[in-house]
Amino acid sequence: MSRYNAAETEPKWQAAWKAARAFDANAQDSTKPKFYALEMFPYPSGKIHMGHVRNYAMGDVVARYKSARGYRVLHPMGWDAFGMPAENAAMEKGVHPKGWTYDNIEAMKGPMKRLGFGLDWSREFATCDVAYYKQQQAIFLAFMKQGLVYRKKAKVNWDPVDMTVLANEQVIDGKGWRSGALVEQKELDQWFFKITHYGDELSNSLDSLERWPEKVRTMQKNWIGRSEGAQFKFNGQDDCPDIEVFTTRPDTLFGASFVALSADHPLIKTLAKDNAKMQAFRAECAKIGTTEEAIATAEKLGFDTGLRVAHPFKPDESLPVWIANFVLMGYGTGAIFGCPAHDQRDFDFASKYDLPIKRVIRPHINEGADESLTEALPEAYMGEGTLINSAFLDGLSKEAAIRAAIAKIEELGLGTGTVQYRLRDWGVSRQRYWGAPIPIIYCSDTSCGDNGAVPVPEADLPVQLPDDVVFDADNPGNPLERHATWKDVPCPSCGKPARRETDTLDTFADSSWYFARFAGGTGNGEPSDKPFDKTEASNWLPVDQYIGGVEHAVLHLLYARFFTRGLRDCGLLDLPSGEPFDGLFTQGMVTHETYKNEDGAWVEPSDIDEGKQISTGQIITTGAVEKMSKSKKNVVDPNEIIQGYGADVARWFVLSDSPPERDVEWTESGVIGAWRFAGKVWDIVYADDTHQSPLSVAAQAEGEALNLRKFAHKVIERVTAGIEAFRFNTSVAAIYELTNAIRKYGKNDAARAESLGILIRMIAPFMPHLSEECWAHMKGDNSKLALVCQTPWPAADPALLTEDEITLPIQVNGKKRGELSVAKDIDKDALEKMALADPRIIATIGEATIRKVIIVPGRIINIVAK
RNA sequence: GCGGGUGUGGCGGAAUUGGUAGACGCGCUGGAUUCAAAAUCCAGUUCCUCUGGAGUGUCGGUUCGAGUCCGACCACCCGUACCA
C-alpha cells in the first residue's frame with residue numbers, strides 16, 4: 001500500500017481550493033449569514049514561529065468549521081509591519097527598514113502558504129504600505145476634528161550617550177541597552193489620543209461582551225480603573241500655595257498626617273529651581289524610570305519641603321508637605337494626602353519618616369473592646385469598620401463617612417465629589433523613523449493653527465516617509481530629524497517657513513483598525529481612497545471570532561475598542577456598539593528557554609549544541625522560560641516540522657495535546673503521534689477500494705455495525721463541542737478514538753463507509769490536504785461530490801446517541817467499591833437492593849451500620865455506613 | 001508592588017462542571033514481524049510497605065461525596081501604558 005506523500009498532495013489541493021475560490025470572501029453565497037474569523041496579524045520578524053502556527057491553525061479550524069456549518073466566511077491575513085525591530089536591523093546590519101520588512105514578509109509568506117490556511121489573500125496588506133498609512137493619517141486628522149487628539153508634554157527615556165529616546169524594553173536596570181549609560185528622563189511635546197473620553201463607555205460596554213473571556217474583561221476593567229472620590233484643596237499656609245488633591249478615601253481625612261506631591265508636580269518643579277537639595281531629590285526620583293512597575297517596586301522615598309497646609313476640617317491644625325516618589329503626576333492631581341493607619345503605602349512612608357499614625361477606623365471585630373486603640377499597628381488597616389476620632393464622622397460606616405466627608409468638602413467650598421480613571425490618555429508620538437508620520441506641520445508663526453501646529457490638509461496626504469535615510473550606530477536617533485530636506489515645508493495655512501512633525505505614530509495605532517480595512521478595503525483589488533468602504537466594513541464587522549495571544553489582553557484590545565468608537569463618532573463606520581470583536585479567544589503563549597552566550601547576547605535555540613553556541617563556540621547560559629519573541633531569540637522555526645512531516649501533521653500537532661488557552665513550553669516530542677495518526681487515517685481509507693460514498697448512511701446496520709455507527713455519531717457530538725468551546729485537544733482525542741474504532745472494525749460495509757466519511761469531514765478543518773486526498777479516494781473518480789472543504793459538517797443522529805444500558809459506580813463512604821450494569825431508567829429502590837446485594841459491597845460494609853444510601857439517578861450510588 | 005492567570009502519572013493532558021481520577025497521545029517495558037535496523041502491529045504502564053493503602057502544588061475547611069466549592073499560603077507565567 002502507498003503512503004501519504006505531503007509534498008505531492010499539498011500543492012495539488014491548494015491549487016484546487018484556489019480554482020474553486022473556496023476562501024475568497026467575495027465568492028461566497030451572499031444569502032448565507034456572515035462570519036468574520038480573524039487572528040491577530042503577525043509582525044514580520046522574518047520567520048514564523050510555533051506561536052504563529054498555533055494561532056493560525058486555531059483560526060483556520062474555526063473558519064473552515066464555520067464554513068462547513070453554512071456561513072460565508074471572511075478570513076483575511078496581513079502584516080503589522082511598522083516597528084522598532086526594523087530600525088534595529090537597519091543599525092545592526094546596514095539594511096533599510098523598508099527592504100528588510102518587505103523581504104521578511106516574503107520570507108514568512110512562503111511557510112504560511114505551505115501550511116494551507118484557508119485565507120483570503122486577496123485582502124492582504126502591510127501597515128507600512130503607503131496606501132494604508134495614508135488612510136491612518138486621514139483617520140488621525142478626522143480624530144483631530146472630532147476633538148480626540150491633543151498635544152501636551154510627556155516624559156521619555158533619554159539615552160544621553162546615544163542621544164536617542166529608548167523604549168522601556170531598551171532600558172535595562174536603568175541603563176541604555178546599547179550605550180550602558182544611565183538613562184535620564186526628558187520632557188517632550190507629544191500627541192495624545194483622548195481615550196479617556198470613552199472611559200465610562202469602554203468600561204461599561206465590557207459587560208456586553210459575553211463571548212470574551214471573563215479574565216480579559218476583568219483586566220480591562222481594572223486597567224480603566226474607574227474610581228469615585230473627591231477632589232479638593234488643602235489651603236496653603238504662609239508661602240505655600242493651595243494644593244489640590246484627589247482621594248478615594250475622604251472618610252480617612254481625620255487620620256491624615258501629611259500631604260505628598262509627585263516630584264513632577266508643577267509646584268515642585270518651580271520650587272526646585274531655587275533649591276539644590278530638592279533638585280537632587282527630583283533627579284533621584286527620575287532615576288527610577290517611567291514604568292509603573294519600577295515606580296511601584298522602588299523603595300519609598302520622601303523629601304520634606306518645609307511647607308505646610310491647613311487641615312480642611314481642622315483649620316487650626318496643619319500638615320507637612322512632602323515630595324514622595326510613589327505619587328504619580330499622571331494620576332489624579334499629582335498630589336495626595338497620606339493616612340498611614342489605613343493605607344499600606346502611607347504606612348510604610350510614615351514609618352520611615354516618623355510621621356504620626358492616627359487611627360480613624362475601628363474594625364468591626366474590635367467593637368466594645370479597646371476603645372482607644374492605643375497599641376501600635378503592625379500594618380495599615382484597610383478593611384471595613386466604624387469611624388472614630390473623626391468629629392462629625394464618628395460612628396459612621398466607611399461608605400456613609402465617604403458621603404458625609406464629600407458633602408462637608410462641598411459645603412466648605414473646597415472641592416467636589418469626582419470620578420477618576422486610572423486610564424491615561426494614549427500618547428502616540430514616537431521619535432522614530434519606521435512608523436506612520438504624524439500629519440502635522442509646525443509653522444514658524446505660533447499664532448498659526450494651534451500654537452503653530454497646523455494639520456496637513458487632507459489633499460496633501462500621504463505624508464510619505466522618505467526612502468533616503470541613513471541609519472548608523474554612531475548616529476542613532478530619528479533619521480527624519482536629520483534628513484536634509486524632508487522636514488522643511490511651507491506652512492499649508494499661511495505659507496510661512498515651517499517644519500514637519502518628525503515623530504511617527506505608535507504602531508499600536510496600526511493594529512487598531514486593520515480589521516476594518518480587511519473588511520471594507522481591498523477585497524476586489526480596488527484600493528479606494530478612503531480607510532475602508534463604510535457599507536462593506538459595517539456589514540462584516542464586528543469580527544465574530546478574534547484569536548490572539550493573551551499578552552494583548554489589555555493594550556491592543558483596548559486601543560482597538562477606542563479606535564472603532566472614534567471611527568463611529570467620525571461617521572466613518574456604522575457600528576453602534578463600538579465593539580470591534582464580538583467573540584474573543586486568548587490563546588496561551590508558546591514559551592521556550594532563553595539562552596545567552598558569554599558576551600551576554602541572546603542566542604537562538606538552533607544555534608546551540610551541547611551547551612555551546614555553534615556559530616561562536618561560546619558557552620551558553622540557560623535563562624528563564626519565556627514567551628517566544630524576536631528580541632530574546634528563543635524562537636523555534638516550524639520549518640523543520642513542516643519539511644519533515646508536512647503541513648497537516650504540523651497543524652494537527654500544535655492543536656493536539658495542549659488546551660489552547662494554556663501556555664506551552666515548546667517540545668517536539670509528541671509530533672510522532674500526529675505523524676502516526678496521519679498514516680493510520682491514510683491506511684484505513686486506502687484499505688477500501690469499493691468507493692462507497694463518504695456520505696453513506698447505513699440505516700440498516702445491526703450488531704457490530706450498529707455499534708460503530710453509534711460510536712461515530714457520539715464522536716460527532718464530542719468533536720463539535722470541542723471546536724465550539726475552543727478545546728481542540730479534546731476534539732483530537734475523540735477523533736483518535738473513532739479512528740481506532742474504525743481500524744478494529746473488520747468489514748468494508750456501509751457502516752464503515754459512513755463512519756469514515758464522518759471522520760474525514762471532521763478531520764478536514766485540522767488536516768485539510770490529507771482530508772481532500774482521502775475524500776477523493778473514497779468518492780472515486782466519477783463522483784459529483786464537492787471538495788471536502790465545501791461539504792457540510794456531519795450531523796449526529798439523535799436516535800444513535802442514547803444507550804439503554806449504563807454502568808453505575810457503587811461507593812461506600814465515598815470510595816468506589818463496585819459497579820452495576822443496569823437499564824438506563826431503573827428505579828431507585830431496585831438500584832438500592834442491587835447495590836446492597838453485591839457481595840463485594842457486603843464484604844466492605846461488614847459489621848458497620850448503614851446510615852444512609854444516596855442515589856443520584858444515572859450517576860452514582862453512595863452507601864454511608866459506620 | 002499592583003492587576004490577571006496556571007498548577008493532575010516519567011511528559012502533554014482528560015474528567016459530562018460536586019458523583020468511577022488518569023480518557024487520548026508521547027515516552028518507557030515486554031512480545032510479534034525482520035538476517036538486522038527502521039517502520040508497523042499487539043499487550044502492559046499513577047505510586048507504595050500490593051487480598052490493602054495513598055494520591056490532582058501546600059495547609060486547613062464545607063459535603064454522604066472535592067481535581068472541581070471556600071480560606072490561607074507556595075511556585076511559575078502574562079501584563080504593567082515606548083516590545084509587538
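What you see is a predicted model; the values in this text were computed from it and never measured. Lettering follows sequence order; numbering is per chain, from 1.
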Subject >> For the student: nearest non-hydrogen atoms of A:Ser512 and A:Phe508, plus distance >> reply: OG-O, 2.6 Å
**OP:** State, yes or no, whether a side-chain contact exists between A:His713 and A:Leu801 at a heavy-atom distance under 4.5 Å.
**Re:** yes
**OP:** Please report, rounded to the nearest Å, how far the P atom of B:C2 is from the CD atom of A:Gln344.
**Re:** 9 Å
Original post:
Hey, are A:Arg217 and A:Glu214 close enough for a salt bridge, meaning a charged N less than 4.0 Å from a carboxylate O?
Top reply: yes
**OP:** Scan A:Lys816 against the nucleic acid and name what it touches under 4.0 Å (heavy atoms): base, sugar-phosphate only, or nothing.
**Re:** base
Subject >> Interatomic spacing from CG in A:Leu738 to OH in A:Tyr745 - rounded to 0.5 Å >> reply: 13.0 Å
**OP:** At under 4.0 Å between heavy atoms, which parts of nucleotides 53-74 of chain B does protein reach? Answer with one letter per nucleotide, 5' to 3': B base, S sugar-phosphate only, - none.
**Re:** SS---------BS---------
Original post:
What does A:Arg718 touch in the nucleic acid at a heavy-atom separation under 4.0 angstrom: a base, only the sugar-phosphate, or nothing?
Top reply: nothing
Original post:
Should the pair A:Tyr150 and A:Phe192 be assigned to parallel (<30°), tilted (30 to 60°) or perpendicular (>60°) ring geometry?
Top reply: parallel
Original post:
For the side chain of A:Thr218, counting heavy atoms from C-beta on, which of B:G4, B:G1, B:A84 is nearest?
Top reply: B:G4
Subject >> Among B:C83, B:U20, B:C78, the one nearest A:Ala167 by side-chain distance >> reply: B:C83
Original post:
So which nucleotide from B:G1, B:U20, B:U40 ends up closest to the side chain of A:Glu293?
Top reply: B:G1
**OP:** Fit a plane to each ring of A:Trp100 and A:Tyr43, take the angle between them on a 0 to 90° scale, and name the class: parallel (under 30°), tilted (30 to 60°) or perpendicular (over 60°).
**Re:** tilted
**OP:** Take the angle between the ring planes of A:His556 and A:Tyr514 and call it parallel below 30°, perpendicular above 60°, tilted in between.
**Re:** tilted
Original post:
For A:His556, which contact category applies under a 4.0 Å heavy-atom criterion: base, sugar-phosphate, or nothing?
Top reply: nothing
Subject >> Position toward the 5' end of RNA chain B (nearest nucleotide), A:Ile860 or A:Asp506 >> reply: A:Ile860
Original post:
Using atom C1' of each nucleotide, how far apart are B:G79 and B:A84 to the nearest Å?
Top reply: 13 Å
**OP:** For A:Val853, report the nucleic acid contact type (base, sugar-phosphate, nothing); a contact means any heavy atom under 4.0 Å.
**Re:** nothing
Original post:
Which whole number of Å gives the distance between the C1' atom of B:G67 and that of B:U46?
Top reply: 14 Å
Original post:
B:A81, B:G4, B:G27: which one has an atom nearest the side-chain heavy atoms of A:Trp223?
Top reply: B:A81
Subject >> B:U68 versus B:U56 - spacing of their P atoms, nearest Å >> reply: 9 Å
**OP:** Flag yes if more than 12 heavy atoms outside A:Lys221 fall under 6.0 Å of its NZ atom; otherwise flag no.
**Re:** yes
Subject >> Spacing of A:Glu665 atom CD relative to B:C26 atom P, expressed in whole Å >> reply: 21 Å
**OP:** Quick one: which residue pairs count as a salt bridge (Lys or Arg N to Asp or Glu O under 4.0 Å) with a foot in residues 726-742 of chain A, not counting sequence neighbours?
**Re:** A:Arg718-A:Glu737
Subject >> Nearest-Å distance for atom pair CD1/P, residues A:Ile684 and B:U40 >> reply: 16 Å
Original post:
Base, sugar-phosphate, or nothing for A:Arg676, non-hydrogen atoms under 4.0 angstrom?
Top reply: sugar-phosphate
**OP:** Scan A:Gln190 against the nucleic acid and name what it touches under 4.0 Å (heavy atoms): base, sugar-phosphate only, or nothing.
**Re:** base
Original post:
What's the closest nucleotide to the A:Lys680 side chain, out of B:A81, B:C41, B:G27?
Top reply: B:C41
Subject >> Ring geometry between A:Phe726 and A:Phe728 (parallel below 30°, tilted from 30 to 60°, perpendicular above 60°) >> reply: perpendicular
Original post:
When you measure from the side chain of A:Glu737, which nucleotide among B:C26, B:G5, B:C24 comes out closest?
Top reply: B:C24
Original post:
Of A:Ile438, A:Val165, A:Val428, which meets side chain to side chain contact (heavy atoms under 4.5 Å, CB included) against A:Asp503?
Top reply: A:Ile438
Subject >> Strand RNA chain B as a dot-bracket string - pairs counted if Watson-Crick or G-U with both distances under 3.5 Å, | where the partner lies in another strand >> reply: (((((((..(((......[....)))((((((.......))))))(((...)))..(((((..]....))))))))))))....
Original post:
Base, sugar-phosphate, or nothing: which does A:Ser429 touch, judged by heavy atoms less than 4.0 Å apart?
Top reply: base
**OP:** Quick one: list whatever passes salt bridge (Lys or Arg N to Asp or Glu O under 4.0 Å) with A:Lys155, sequence neighbours left out.
**Re:** A:Asp264
Subject >> Sugar-phosphate only, base, or nothing, as touched by A:Met589 at under 4.0 Å among non-hydrogen atoms >> reply: sugar-phosphate
**OP:** Determine the interatomic distance between P on B:G52 and the same-named atom on B:A75; round to the nearest Å.
**Re:** 41 Å
**OP:** Report which part of the nucleic acid A:Glu661 touches: base, sugar-phosphate, or nothing (heavy-atom distance under 4.0 Å, all strands).
**Re:** nothing
Subject >> Nearest-Å distance once atom C1' is located in both B:G57 and B:A43 >> reply: 34 Å
**OP:** Take atom C1' in B:C26 and the same atom in B:C50, then report the distance between them in whole Å.
**Re:** 28 Å
Original post:
Can you tell me how far P in B:C73 sits from the matching atom in B:G27, rounded to whole Å?
Top reply: 42 Å
Subject >> A:Lys175 NZ: over 12 foreign heavy atoms closer than 6.0 Å >> reply: no
**OP:** Give one of base, sugar-phosphate or nothing for A:Val732, where a contact means two heavy atoms less than 4.0 Å apart.
**Re:** nothing
**OP:** Assign A:Ile735 to base, sugar-phosphate, or nothing according to its heavy-atom contacts below 4.0 angstrom with the strands shown.
**Re:** nothing
**OP:** Report the glycosidic orientation of B:C50: syn if within 90° of 0, anti in every other case.
**Re:** syn
**OP:** Could you check how far CZ of A:Phe508 sits from C1' of B:U80, rounded to whole Å?
**Re:** 12 Å
Subject >> With A:Arg151 via salt bridge (Lys or Arg N to Asp or Glu O under 4.0 Å) - residues at least two apart >> reply: none
**OP:** Could you check if the base of B:G79 is syn or anti? Syn means the glycosidic torsion is within 90 degrees of 0.
**Re:** anti
Original post:
For B:U34, does the O4'-C1'-N9-C4 (purine) or O4'-C1'-N1-C2 (pyrimidine) torsion place it in syn, i.e. within 90° of 0, or in anti?
Top reply: anti
**OP:** Take atom P in B:C47 and the same atom in B:C69, then report the distance between them in whole Å.
**Re:** 28 Å
Scan nucleotides 11-16 of chain B against the protein and return all N/O pairs shorter than 3.5 Å with their distances rounded to 0.1 Å.
residue	atom	partner	partner atom	Å
B:G12	O2'	A:Ser658	OG	3.0
B:G12	N2	A:Asp657	OD1	3.1
B:G13	O3'	A:Asn729	ND2	3.4
B:A14	OP1	A:Asn729	ND2	3.0
B:A15	OP1	A:Arg727	NH2	3.3

